[in-house]
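The structure under discussion appears below in the form of structure tokens.
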Amino acid sequence: MIPFKKVLVANRGEIALRIIRALKENDILSVAVYSEADRGALHVRQADEAVCIGAAPARSSYLDIPSVVAAAKLAGADAVHPGYGFLSENPAFSKAVTDAGMVFIGPTPETIALLGYKAAARKLAVEHKVPIVPGTKEHVHENALEEAKKVGFPVMIKASAGGGGKGMRIARTEAEFEKALQTARTEAKAAFGDDGVYVERYVEKPRHIEIQIAADSHGSIIAFPERDCSVQRRHQKLVEESPAPAVTPAIRAGLMQAAKRLIRASGYTGVGTVEFLMDSRGEFYFMEVNTRLQVEHPVTETVSGVDLVQLQLDIAQNKKLHITQERAAEIRCHAIEFRINAEDPGRDFAAAPGAISEWIAPGGPGVRVDTGIYPGYEIPSYYDSMIAKLIVSAPDRAGAISRGRRALSEFHISGVKSTIPFHLQLLDRPEFKEGSADTGLVEKMFSAAPAQTPGTKVKVPA
């Protein structure tokens with residue numbers, strides 16, 4: 001394959017900027033796309049070219065497949081990188097890009113469809129002896145309650161066509177089931193255009209563990225050490241770390257092997273993530289595959305010392321993986337990522353868009369900040385509320401926690417509320433410090449509204 005000369009980045013914000021930087025390091029021209037709300041965005045300024053693709057709402061711009069593909073063709077791009085979110089796991093987008101004669105930097109449309117549709121992915125997992133939580137074999141239509149009874153309450157209702165916490169509801173009893181089912185279907189339809197759902201048994205107090213993989217078109221597959229993403233709210237991840245506190249070397253080996261079996265069976269090429277739930281006994285169950293780069297990919301980059309965006313570019317250009325499994329499995333430090341969102345923890349984490357009047361990010365050893373924010377930037381109300389990712393690392397977990405506390409306290413943000421006070425409170429929770437946090441910790445912390453941690457210098461004005 002001829003090396004890429006120009007790549008369009010079909011995304012916005014910090015991930016678009018992250019990809020643009022990787023393209024620059026490879027002497028590949030970058031093309032940004034932007035909505036009318038993002039004219040002043042940093043990724044637009046940093047790209048070699050930029051094309052406006054529509055109005056502020058995502059459906060009129062970043063989710064508009066014909067507009068994005070037309071922009072790529074107009075710019076003369078060789079390939080399209082989808083980033084994460086938006087169209088990154090949409091098989092129709094992948095197909096539209098390839099049909100237009102360009103390379104989609106990710107799996108084939110067929111693989112995205114297979115793994116992106118959760119019911120089909122679960123079936124594939126069963127066929128290849130990857131453990132799954134007991135549940136319905138396919139999405140439920142008629143007699144959903146009867147199917148749920150067979151699974152056994154409590155149950156989790158999940159959208160078949162997507163992830164990210166959308167279209168997910170817990171029903172602990174038969175009486176709660178119908179309302180939860182309808183809510184999940186409605187939310188799934190709005191998020192993915194598909195109201196299909198399936199039902200699986202709800203695992204009490206699980207940990208959310210995931211394995212980063214990379215697979216080339218020559219048959220090589222590598223798996224990286226796990227990430228623990230258990231600190232989440234309403235199925236939205238807030239903190240991720242690696243290695244996971246509760247994962248032993250034996251469990252890690254089992255997770256890696258299971259992930260690689262599933263990826264090989266699917267014919268996957270590219271970088272992706274296989275997600276699992278793990279119970280208190282260390283038993284793990286396949287949950288889903290994200291056929292794209294993850295928000296938390298810097299955690300794995302930090303622990304392994306491997307540039308995952310570079311791997312994506314190499315694989316898309318038909319290069320062989322130059323990293324062995326032994327090298328990929330190396331754990332060089334402990335890393336934690338904190339998602340800094342423009343949200344008000346004191347008001348049930350309500351989105352808090354607005355103009356940034358002051359922005360000072362932390363620095364120093366073992367500190368990385370991925371962001372597209374600058375003083376004077378207006379955070380739009382149309383998109384995800386994440387404004388930055390703070391990634392800290394140290395030789396051990398205690399050191400990473402200490403460094404995280406220091407780095408969080410160095411942030412100075414004026415103009416909007418942020419989740420920094422929440423993160424500082426989290427670091428003082430015994431469950432987090434001891435490494436025993438499960439997916440219910442945040443709800444336990446904030447059944448009442450959190451207050452700012454006393455003694456910090458973080459500015460979170462009204």
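Hydrogens, waters and symmetry mates are skipped; everything else that's a heavy atom, side chains included, is used.
Salt-bridge annotation for R234 and D348: present, with a side-chain N of the basic residue lying under 4.0 Å from a carboxylate O of the acidic one. In this structure, E275 pairs ionically with K237, as a charged nitrogen and a carboxylate oxygen lie closer than 4.0 Å. A salt bridge links R339 with E240: the closest approach of a Lys/Arg side-chain nitrogen to an acidic carboxylate oxygen falls below 4.0 angstrom. Salt bridge annotation for K166-E187: absent, with no cationic side-chain nitrogen under 4.0 angstrom from a carboxylate oxygen. Classification of R406 and E410 as a salt-bridged pair holds, one side-chain N sitting under 4.0 Å from a carboxylate O. Between E226 and R207 no salt bridge is recorded (no basic side-chain N to carboxylate O distance below 4.0 Å).
In this structure, CD in Q425 is found 13.5 Å from CZ in F432, a value given to the nearest 0.5 Å. Atoms CZ and CD1, from R227 and I336 in turn, are 14.5 Å apart once rounded to the nearest 0.5 Å. Atom OG of residue S61 and atom CZ of residue R12 lie 9.0 Å apart, to the nearest 0.5 angstrom. Annotation: the span from L308 atom CG to Q294 atom CD amounts to 10.5 Å, rounded to 0.5 Å.
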Handout entry: Worked verdict on E301 versus R18 for salt bridge (charged side-chain N to carboxylate O under 4.0 Å, His left out)
Key = CA-CA 13 Å; E301 291 185 327; R18 164 76 179 91; 2.6 Å; yes

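Remark: of the listed residues L255, V274, L277, V274 is the sole one forming a side-chain contact (heavy atoms from CB on, under 4.5 Å) with F286.
Taking the six-membered ring where the residue is Trp, F86 and Y383 present perpendicular rings, their angle passing 60° and hence far from 30°.
Listed by first and then second residue, the ring pair (Phe, Tyr, Trp, His ring centres under 6.0 Å) pairs involving residues 1-31 amount to none (not counting sequence neighbours).
Looking at residues two or more places apart in sequence or on another chain, you find a side chain to side chain donor-acceptor pair (under 3.5 Å) between R397 and E241.
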Less than 3.5 Å apart, which donor and acceptor atoms pair up between the side chains of residues 68-80 and the rest of the protein, not counting sequence neighbours?
unit_1, atom_1, unit_2, atom_2, d
D78, OD2, K5, N, 2.6
D78, OD2, K6, N, 2.8

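A cation-pi arrangement is present between R45 and Y374, with the terminal nitrogen or guanidinium carbon under 6.0 Å from the aromatic centre and inside a 45° cone about the axis.
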